[in-house]
Novice: 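Handing you a structure now.
Reminder, nothing fancy here: chain letters follow the sequence lines and each chain counts from 1.
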Number of protein chains: 2
Amino acid sequence: MNQSKRYLDIVRDIRDMIRHENIKPGDRIPSERELAETMQVGRSTLREALRSLELLGLIETRRGEGTFLSDHRNHKLVEVLSTFVLQDNQSHEDVWETRLLHEVAAIQAICQNEAASQMRVWESLRLRLKDESFMREDFVRELMVLSGNRLSLKIWFLLKQYSGDPYSGTVSFDEIDRMNNILTAIEQQDSETAVREFKAWSEWLQKERIRNGNDS
Amino acid sequence: MNQSKRYLDIVRDIRDMIRHENIKPGDRIPSERELAETMQVGRSTLREALRSLELLGLIETRRGEGTFLSDHRNHKLVEVLSTFVLQDNQSHEDVWETRLLHEVAAIQAICQNEAASQMRVWESLRLRLKDESFMREDFVRELMVLSGNRLSLKIWFLLKQYSGDPYSGTVSFDEIDRMNNILTAIEQQDSETAVREFKAWSEWLQKERIRNGNDS
DNA sequence: CTTAATTTGTCCGTATGTATG
DNA sequence: ACATACATACGGACAAATTAA
């Protein structure tokens with residue numbers, strides 16, 4: 001049946017074991033030697049399987065302690081992809097556009113969700129806008145989180161880094177007005193206005209950055 | 001500096017080697033023993049790194065032949081993660097939403113680009129719609145390509161696989177009408193209608209899949 | 001067809017660093 | 001301080017598959 005690639009069988013067996021034993025994230029799974037014994041494989045072969053799963057972020061191994069099942073949501077999907085997908089794509093414009101794409105979608109998702117748009121969060125966000133130490137990034141990140149799409153949030157985090165920290169620096173008074181307008185539109189579930197205002201702010205920000213030569 | 005996890009260094013080194021030596025997909029990379037010697041690590045440790053890269057689908061090892069750099073399309077990563085991580089519904093939904101997010105953005109980008117919306121491509125695409133062997137995926141992929149955002153295209157490719165090939169199967173007559181409507185809207189640069197029609201089609205497709213139980 | 005060399009696949013033994021009690 | 005359990009790492013040995021002479 002499985003002529004070669006024993007370590008793939010091991011990956012499958014470990015998955016089945018986790019399912020059947022009802023192992024939850026954070027729980028410890030049997031040690032390498034135990035697994036090797038029960039599965040009738042060598043430790044080296046078993047370790048190859050464990051390493052693969054670790055690189056994907058599915059398990060976490062700590063020397064001297066053991067191997068643990070990591071949170072499913074912390075899968076290294078985007079991190080792994082970033083090193084192999086994002087790198088050969090040097091188009092800064094694509095990265096910027098794609099990031100904006102996720103941000104706009106987040107705003108639309110929030111507007112369509114009545115519960116989200118009526119949240120108490122907006123009030124506190126408005127208050128924080130007045131703080132001097134408030135950063136642009138905090139504002140956008142809050143929107144991404146509230147969209148409820150964790151995968152999109154993760155991708156956004158990465159794209160943000162690859163855009164050369166587009167939200168660095170502190171905000172001006174003019175920008176606080178912009179943000180307040182966006183928040184108002186969201187509270188009124190006016191998706192169109194919110195997106196339009198956000199895009200306008202984003203474009204202004206991009207030009208501002210180019211003018212200042214922050215192209216790292 | 002690097003206290004533990006030597007195999008992670010090896011992963012990085014191999015990646016850098018591939019970059020600097022300009023190794024292309026299909027090319028053979030040095031043997032395990034050679035790499036172990038040049039990198040001054042044991043062969044077992046090196047194999048752990050290679051296994052990880054193989055599970056990601058980045059390399060391909062054939063017994064007796066060697067190790068080869070594989071085409072980036074063959075991501076085993078997808079199968080593993082889909083059976084491992086995406087067990088809960090929220091993750092599935094996030095993937096589906098994020099994919100749709102990129103598709104909608106692509107349509108909007110095309111509509112806003114006069115040159116793209118007036119292209120000759122649409123005619124040929126209409127003709128291909130009549131072909132029996134025409135697949136749903138061809139239609140959507142064409143849209144993604146024409147959006148001009150290559151990064152978004154790459155992300156879409158992966159998300160598509162993660163969704164469990166949402167576009168598998170052949171199209172029905174009803175669907176061809178839907179696609180034609182979408183194309184018409186795009187040609188008229190009517191972004192709203194195009195997006196609305198596309199979303200409707202996508203939702204219908206999702207329900208259809210759930211009804212047929214294609215959840216692999 | 002046979003043989004030899006190369007390469008991956010697998011397992012074992014041993015030593016070491018680390019955390020826990 | 002000591003013992004135990006565990007992951008980390010290395011090198012050796014042999015099997016299996018492929019290729020070339």
Novice: Residues two or more places apart in sequence or in another chain: which of them pass side chain to side chain donor-acceptor pair (under 3.5 Å) with A/Thr98?
Specialist: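 Scan of A/Thr98 (side chain to side chain donor-acceptor pair (under 3.5 Å), adjacent residues dropped) gives B/Asn149.
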Novice: To the nearest Å, give me how far apart CD1 (A/Ile10) and P (C/dC11) are.
Specialist: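 One finds 7 Å between P of C/dC11 and CD1 of A/Ile10, rounded.
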Novice: With sequence neighbours excluded, what pairs up with B/Arg28 under the side chain to side chain donor-acceptor pair (under 3.5 Å) test?
Specialist: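 Applying side chain to side chain donor-acceptor pair (under 3.5 Å) to B/Arg28 gives none.
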Novice: Rounded to whole Å, please give me the gap between OH in B/Tyr7 and P in D/dA9.
Specialist: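 Nearest whole value for this atom pair: 9 Å.
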Novice: What pairs with A/Arg128 under side-chain contact (heavy atoms from CB on, under 4.5 Å), at least two apart in sequence or on another chain?
Specialist: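 Per chain and number, A/Arg128 pairs via side-chain contact (heavy atoms from CB on, under 4.5 Å) with A/Leu125, A/Phe134, A/Asp138, A/Glu142.
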Novice: With sequence neighbours left out, write down each residue that passes salt bridge (Lys or Arg N to Asp or Glu O under 4.0 Å) with A/Arg99, or none if nothing qualifies.
Specialist: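 Counting only residues at least two positions away or on another chain, A/Arg99 forms a salt bridge (Lys or Arg N to Asp or Glu O under 4.0 Å) with A/Glu103.
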Novice: What integer distance in Å separates B/Ile29:CD1 from C/dT8:P?
Specialist: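 Roughly 8 Å, once rounded to whole Å.
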Novice: Please write out each protein N/O paired with an N/O of nucleotides 2-7 of chain C under 3.5 Å, distance rounded to 0.1 Å.
Specialist:
residue: C/dT7; atom: OP1; partner: B/Arg28; partner atom: NH2; Å: 3.4
residue: C/dT7; atom: O2; partner: B/Gly64; partner atom: N; Å: 3.4

Novice: Keeping to residues at least two apart or across chains, list the ring pair (Phe, Tyr, Trp, His ring centres under 6.0 Å) pairs with something in residues 97-127 of chain A.
Specialist: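 Sorted result for residues 97-127 of chain A: A/His102-B/His102.
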Novice: Sort out the partner of D/dA1 for me: Watson-Crick or G-U wobble, both distances under 3.5 Å, none otherwise.
Specialist: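 Pair assignment: D/dA1 / none.
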Novice: Please report the distance, rounded to the nearest Å, between CG in B/Leu50 and C1' in D/dA9.
Specialist: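 Spelled out: CG on B/Leu50 to C1' on D/dA9 is 16 Å.
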Novice: Where along residues 36-49 of chain A does a heavy atom fall under 4.0 Å from DNA chain D?
Specialist: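 Here the set is A/Arg47.
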Novice: What do the steps show when you test B/Leu129 against B/Leu183 for side-chain contact (heavy atoms from CB on, under 4.5 Å), and what is the final call?
Specialist: CA-CA 11 Å; B/Leu129 278 177; B/Leu183 285 184; 4.1 Å; yes
Novice: Report the C-alpha distance between B/Val41 and B/Asp9 in whole Å, list the side-chain angles of each, state the deciding distance to 0.1 Å, and finish with yes or no for side-chain contact (heavy atoms from CB on, under 4.5 Å).
Specialist: CA-CA 11 Å; B/Val41 294; B/Asp9 297 337; over 6 Å; no
Novice: For A/Glu60 and C/dA19, what is the distance between atoms CD and C1' respectively, to the nearest whole Å?
Specialist: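 The answer, rounded to whole Å, is 15 Å.
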Novice: Test of understanding: with side-chain contact (heavy atoms from CB on, under 4.5 Å), list the residues that count as partners of A/Leu205, not counting sequence neighbours.
Specialist: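 A/Arg136, A/Tyr167, A/Glu175, A/Trp201.
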Novice: Applying salt bridge (Lys or Arg N to Asp or Glu O under 4.0 Å), which residue pairs with at least one partner in residues 29-43 of chain B are found, sequence neighbours left out?
Specialist: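 Every salt bridge (Lys or Arg N to Asp or Glu O under 4.0 Å) pair that includes a residue of residues 29-43 of chain B, provided the two are not neighbours, is B/Glu32-B/Arg43, B/Glu32-B/Arg47.
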Novice: In whole Å, what is the span from the CD atom of A/Glu54 to the P atom of D/dC6?
Specialist: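 Distance, rounded to whole Å: 17 Å.
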Novice: Provide, to the nearest angstrom, the distance between the CZ atom belonging to B/Arg51 and the P atom belonging to D/dA9.
Specialist: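 Rounding to the nearest Å, CZ of B/Arg51 and P of D/dA9 are 17 Å apart.
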